Peer 1: 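Mind looking over this structure? Questions follow.
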Number of protein chains: 2
Amino acid sequence: MHANVKQNVIPITAPGLKVACSQCNLRELCLPFGLSENDMGRLDNLIGGGRKLKRGQHLYRAGDHFESIFAVKAGFFKTDVLTEDGRDQVTGFQMAGEILGMDGISTEVHTCNAVALEDSEVCLIPFTELEMLSSEIHSLQHHLHKVMSREIVRDHGVMMLLGTMRAEERLAAFLLNLSQRFTARGYSPAEFHLRMTREEIGSYLGLKLETVSRAFSRFQDEGLISVQQKHIRILDIPRLKALLAPPDGRIG
Amino acid sequence: MHANVKQNVIPITAPGLKVACSQCNLRELCLPFGLSENDMGRLDNLIGGGRKLKRGQHLYRAGDHFESIFAVKAGFFKTDVLTEDGRDQVTGFQMAGEILGMDGISTEVHTCNAVALEDSEVCLIPFTELEMLSSEIHSLQHHLHKVMSREIVRDHGVMMLLGTMRAEERLAAFLLNLSQRFTARGYSPAEFHLRMTREEIGSYLGLKLETVSRAFSRFQDEGLISVQQKHIRILDIPRLKALLAPPDGRIG
DNA sequence: CGCAGTTTTGATTCATCTCAATTTGTGTGG
DNA sequence: CCACACAAATTGAGATGAATCAAAACTGCG
């Protein structure tokens with residue numbers, strides 16, 4: 001019953017690098033969420049070993065054939081889209097426990113680039129096999145759907161940000177979002193290192209890097225945060241949150 | 001084997017309104033894409049009758065409990081998100097064959113509103129049952145994943161638009177997108193009625209309604225389109241496309 | 001220690017927003 | 001069927017937030 005095909009699964013990219021969901025401290029954030037011991041073991045067998053990336057390396061590029069989705073095991077990524085005419089839009093930043101690559105499912109070809117912003121490691125999840133397994137394990141299927149849906153909801157949030165907020169509101173929302181995600185991973189909500197440049201933040205927020213820099217400076221002047229290059233300390237979370245409500249509380 | 005529970009399925013919302021995927025001329029655009037005759041029949045059994053909506057009616061609201069996704073059978077919808085502080089962002093416009101409601105999967109609660117912009121009709125697809133069926137029919141499962149992934153990719157396109165484009169580029173992209181979708185449904189690529197107001201277009205594009213109106217007027221002055229309120233005729237598709245490349249072809 | 005990439009800051013320009021007035025269209029009820 | 005009222009769209013003038021252009025300062029890497 002559990003003498004399965006495990007012996008055939010040889011991790012190609014990083015031999016000897018054991019990544020078992022059941023042993024992973026991210027399992028509550030990641031794809032195996034809610035699985036039984038036994039089902040988690042079946043997922044382990046499917047996951048094709050880890051892959052390590054140096055800072056700056058691409059996990060995949062727009063145009064690459066889609067085969068797998070990826071779970072961030074450690075490190076930090078950005079995804080971005082670029083058009084023929086040279087426009088570049090960062091569509092997201094991904095940290096441990098988050099899933100990358102779902103853009104490729106629809107056409108079997110990735111539509112964006114995923115780049116490691118620091119030395120990182122991902123778990124490789126072959127998608128066809130994931131589909132096969134998820135048709136047997138209902139909770140896995142449902143969780144996969146939740147993960148994809150969550151991505152859609154997140155994207156709506158970014159649209160809201162880009163469509164309705166002013167520069168400082170965008171940056172405040174961005175910092176609070178990071179803070180909240182770091183918290184969920186057991187890190188300080190108030191103090192963290194940004195892994196991305198001002199230009200990448202700007203691209204994500206639909207702003208120029210100078211505008212991002214100015215907003216940081218102003219937040220610092222006002223005592224909301226302290227900034228030292230990429231090191232951020234949030235000094236006044238409530239007041240930062242208050243920035244998200246427009247200055248004149250326009251209601252109804 | 002096929003004497004199933006059909007006799008128990010009583011369409012609640014619109015008795016007698018038969019909606020069979022196998023008979024639907026949208027099946028190539030919609031969820032049943034790629035299914036065999038037999039599998040399509042099984043999908044038919046699951047789909048809980050049609051629901052008609054008058055213009056202005058909500059299909060669902062943010063906060064509603066999630067149970068089903070919906071396929072637009074006829075008509076036109078918008079989805080929008082609103083925040084506590086009164087911001088309103090249109091996240092999409094949906095037409096025949098497109099799927100609505102996937103935002104609700106992640107938390108079992110809808111996070112946006114879906115409103116009919118004209119008298120419309122949807123097919124109701126109970127999600128739990130769809131998951132059950134899709135674990136049996138592999139091509140259905142895969143197509144569902146494709147539909148969700150396509151939504152993610154579409155959202156990235158909107159981010160690109162909101163993050164990098166200027167007002168007239170946004171409107172040009174919007175018109176070309178509509179044109180392309182109408183074409184796919186057998187309508188004229190060049191002539192159509194907008195179902196949404198300038199304000200709704202503006203919300204979607206991250207612009208004020210006046211800016212949308214001005215951009216329309218300018219396009220008309222330049223002979224790109226002809227505008228009569230909501231009636232649009234695109235006169236010069238190539239030149240409209242050319243607007244999307246930035247004025248100075250910034251490359252590399 | 002020096003250089004390249006990144007960030008900060010300043011001065012100016014420009015696109016879009018805001019406020020306001022007018023026109024046009026639409027639906028309703030007499 | 002027409003008139004009225006209300007919603008939607010257009011257009012103008014002026015204000016403003018962010019972009020652009022430019023230069024200097026800082027950081028970290030080799």
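Being a predicted model, the structure only gives us computed values, none of them experimental.
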Peer 1: Tell me the interatomic distance from A/Leu209, atom CG, to C/dG5, atom P, rounded to whole angstroms.
Peer 2: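 Going from CG in A/Leu209 over to P in C/dG5 covers 15 Å.
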Peer 1: For the OH atom of A/Tyr204 and the CE atom of A/Met196, what is their distance to the nearest 0.5 Å?
Peer 2: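 Output value for this atom pair is 9.0 Å.
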Peer 1: Among all residues two or more places apart in sequence or in another chain, which pass the ring-ring contact (aromatic ring centres under 6.0 Å, His included) test with A/Phe192?
Peer 2: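 Counting only residues at least two positions away or on another chain, A/Phe192 forms a ring-ring contact (aromatic ring centres under 6.0 Å, His included) with A/Phe182.
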Peer 1: How does each nucleotide of nucleotides 22-30 of chain D score, in 5' to 3' order, for protein heavy atoms under 4.0 Å: base (B), sugar-phosphate only (S), or none (-)?
Peer 2: -----S---
Peer 1: Select one nucleotide: of D/dA18, C/dT7, C/dC17, the one nearest the side-chain heavy atoms of B/Leu207.
Peer 2: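 Comparing D/dA18, C/dT7, C/dC17 against the side chain of B/Leu207, the answer is C/dC17.
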Peer 1: So B/His231 and B/His193, would you call those rings parallel, tilted or perpendicular, with 30° and 60° as cut-offs?
Peer 2: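 Geometry flag for B/His193 against B/His231: perpendicular rings.
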Peer 1: Of the candidate nucleotides C/dC17, C/dT8, D/dA9, which contains the atom at the shortest distance from the side chain of B/Arg198?
Peer 2: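 So the nucleotide nearest the side chain must be D/dA9.
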Peer 1: Looking at D/dA9, C/dT7, C/dC17, which one has an atom nearest to any side-chain atom of A/Lys230?
Peer 2: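 Nucleotide nearest to A/Lys230's side chain: C/dT7.
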Peer 1: I'd like to check the ring-ring contact (aromatic ring centres under 6.0 Å, His included) partners of A/Phe66; sequence neighbours left out, ordered by chain and number.
Peer 2: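 Partners of A/Phe66 by the ring-ring contact (aromatic ring centres under 6.0 Å, His included) criterion, ordered by chain and then number, come out as A/His110, A/Phe127.
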Peer 1: Does anything in residues 217-225 of chain B come within less than 4.0 Å of DNA chain C? Heavy atoms only, and list the residues if so.
Peer 2: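 The answer is none.
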Peer 1: Rounded to whole Å, how long is the line connecting atom CD of B/Glu199 with atom P of D/dT10?
Peer 2: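 Roughly 13 Å, once rounded to whole Å.
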Peer 1: Looking at D/dA8, I'd like to know if its phosphate oxygens (OP1 or OP2) sit under 4.0 Å from a side-chain N or O belonging to B/Thr197.
Peer 2: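 No, because none of the side-chain N or O atoms of B/Thr197 sits under 4.0 Å from OP1 or OP2 of D/dA8.
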Peer 1: Find the distance between CG (A/Leu100) and CD1 (A/Ile69) and round it off to the nearest 0.5 Å.
Peer 2: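 CD1 of A/Ile69 is found 9.5 Å from CG of A/Leu100.
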Peer 1: Which salt bridge (Lys or Arg N to Asp or Glu O under 4.0 Å) pairs, counting each pair once, include a residue from residues 148-165 of chain B, with sequence neighbours left out?
Peer 2: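 Passing the test, one end in residues 148-165 of chain B: B/Glu151-B/Arg154.
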Peer 1: With sequence neighbours left out, write down each residue that passes ring-ring contact (aromatic ring centres under 6.0 Å, His included) with B/His58, or none if nothing qualifies.
Peer 2: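 Checked B/His58 against ring-ring contact (aromatic ring centres under 6.0 Å, His included); zero matches.
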Peer 1: Do any side-chain nitrogens or oxygens of A/Ser213 fall under 4.0 Å of OP1 or OP2 in C/dT8?
Peer 2: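 So the side-chain polar atoms of A/Ser213 do come within 4.0 Å of the phosphate oxygens OP1 or OP2 of C/dT8, strictly under.
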Peer 1: Tell me the interatomic distance from A/Arg195, atom CZ, to C/dT6, atom P, rounded to whole angstroms.
Peer 2: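 Interatomic distance, CZ of A/Arg195 to P of C/dT6: 17 Å.
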Peer 1: Does C/dT18 have OP1 or OP2 under 4.0 Å away from a side-chain N or O of B/Lys208?
Peer 2: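 Indeed, a polar side-chain atom of B/Lys208 lies that close.
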